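Just so we're clear, the structure is a prediction, and the values are computed from it rather than from any experiment. Proteins get letters first, then strands, A, B, ... in listed order; numbering begins at 1 in each.
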There are 2 protein chains.
Amino acid sequence: MANSLKDLKSILAENNYKLTSQRKVILGVLLENKGEHLSAEEIYSIVKQEDPGIGLATVYRTLELFCELGITQQLTFDETCRRYELESEEDHHHHLLCVKCSKVMEFNDQILEDFEKDLGKKYNFKVTEHKIKFYGYCEECQ
Amino acid sequence: MANSLKDLKSILAENNYKLTSQRKVILGVLLENKGEHLSAEEIYSIVKQEDPGIGLATVYRTLELFCELGITQQLTFDETCRRYELESEEDHHHHLLCVKCSKVMEFNDQILEDFEKDLGKKYNFKVTEHKIKFYGYCEECQ
DNA sequence: AACTATTTGCCATAAATTTTCACCTACTAA
DNA sequence: TTAGTAGGTGAAAATTTATGGCAAATAGTT
């Protein structure tokens, strides 16, 4: 979706939102941490290094906005906090969670896309997205 | 798993836990609301009608215990609270979430079980459980 | 019926997120 | 370029969700 600041600017403009320095910095942090699944607090602490004046509430507000605009996506693992990652059409992936070391890995798949189509017909449910988590033991923890 | 109070009694006894009136009431509420996905607060408010003296902390502690014993299972939709449902070997299902009316439906499947096996080989990840959510539009909201 | 380890209720606390509000700033139109 | 304005921000308070401590109560045993 938003792979650069230029993208961010146009996405915001299209939706009548302003391009602020805080939003730029937060997108920057997300871009620099692709593949990570950061919480708002974690993003906040990284962002603060670049812009010490930024407030935690702004991070929350920005992430909410980014999700609304399809720039980011919320992840809910089984924790008390929510995590975020950049959303991407090209790289649709899911997560493997190790129940022992808590490592989170990603995987892509095509089979599920096909499965999704069948599901729509079978249950008369028009699927727009799916979130799939597999729990188990990673290579090292088996 | 626990389909009756008798089951509960033996599960608790096997694990050296006591059968208290609070635990009975909470299981009762879960049994009467199969198919629902209640939060701790919601369970608390229903339970209170039957036993006004019960404390919220007890509900949380009981649900934690029930999950530990495999009686219930935690669900994390994209909310701030966790939800619970009875766990059942026979009825392994997943969820369809309508993005418009927020209704949550359930579905069973076999294809995913097979898919899971392949995944284990492909990524050297020993899958023990999966949680799958499909988002989209339900029959009425299409 | 008495014993004892669990369990509970109440209250305080923690942690995550949201709201409030006064001030600030990015875009727009003149 | 320069206001004007709608939208955005920071700080702190408020909410929401969940957990921890402790004295009193209780289930299961002796």
ask   = Within the structure, does a side-chain N or O atom of Arg23(B) lie under 4.0 Å from either OP1 or OP2 of dT8(C)?
value =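 Looking at the OP1 and OP2 atoms of dT8(C), one of them is under 4.0 Å from a side-chain N or O of Arg23(B).
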query = Is the shortest side-chain N/O distance from Gln22(B) to OP1 or OP2 of dT26(D) below 4.0 Å?
reply =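 Result: no.
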Write down the distance between [atom1] ([X]) and [atom2] ([N]), rounded to a whole number of angstrom.
X	N	atom1	atom2	answer
Asp78(A)	dT17(D)	CG	C1'	16 Å
Leu8(B)	dA27(D)	CG	P	14 Å
Leu65(B)	dA18(D)	CG	P	17 Å
Leu69(A)	dG7(D)	CG	P	14 Å
Gln74(A)	dA16(C)	CD	P	15 Å
Glu79(B)	dT17(D)	CD	P	9 Å
Asn16(B)	dT7(C)	CG	C1'	14 Å
Asp51(A)	dG8(D)	CG	P	17 Å

Donor-acceptor under 3.5 Å ([X] side chain, [Y] main chain):
X	Y	value
Lys131(B)	Phe77(A)	no
Glu85(A)	His37(A)	no
Arg23(A)	Thr62(A)	no
Lys48(B)	Leu56(B)	no
Gln22(A)	Gly55(A)	no

ask   = If you look at every heavy atom in His94(B) and Ile132(B), which pair is closest and at what distance?
value =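 Taking His94(B) first and Ile132(B) second, the nearest heavy atoms are CB-O, 3.4 Å.
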message = One thing to verify: whether Lys100(A) and Glu140(A) come together as a salt bridge, which I'm taking to mean a side-chain N less than 4.0 angstrom from a carboxylate O.
response =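 Salt bridge between Glu140(A) and Lys100(A), a charged N being under 4.0 Å from a carboxylate O: no.
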message = Taking the axis from the first five pairs and the axis from the last five, what angle separates them in the helix from dA1(C)-dT30(D) to dA30(C)-dT1(D), rounded to 10 degrees?
response =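 Answer rounded to 10°: the end axes differ by 30°.
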ask   = Passes ring pair (Phe, Tyr, Trp, His ring centres under 6.0 Å), Tyr123(A) versus Phe134(B)? Steps please.
value = CA-CA 12 Å; Tyr123(A) 295 91; Phe134(B) 286 91; 9.5 Å; no
inquiry  = More than 12 heavy atoms of other residues, nucleotides or ligands under 6.0 Å from OH of Tyr137(A): yes or no?
reply    =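 Open: at most 12 neighbouring heavy atoms sit under 6.0 Å from OH of Tyr137(A).
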note = Protein heavy-atom contacts under 4.0 Å, written 5' to 3' over nucleotides 17-30 of chain C as B (base), S (sugar-phosphate only) or - (none), form the string BBBB-----BS---
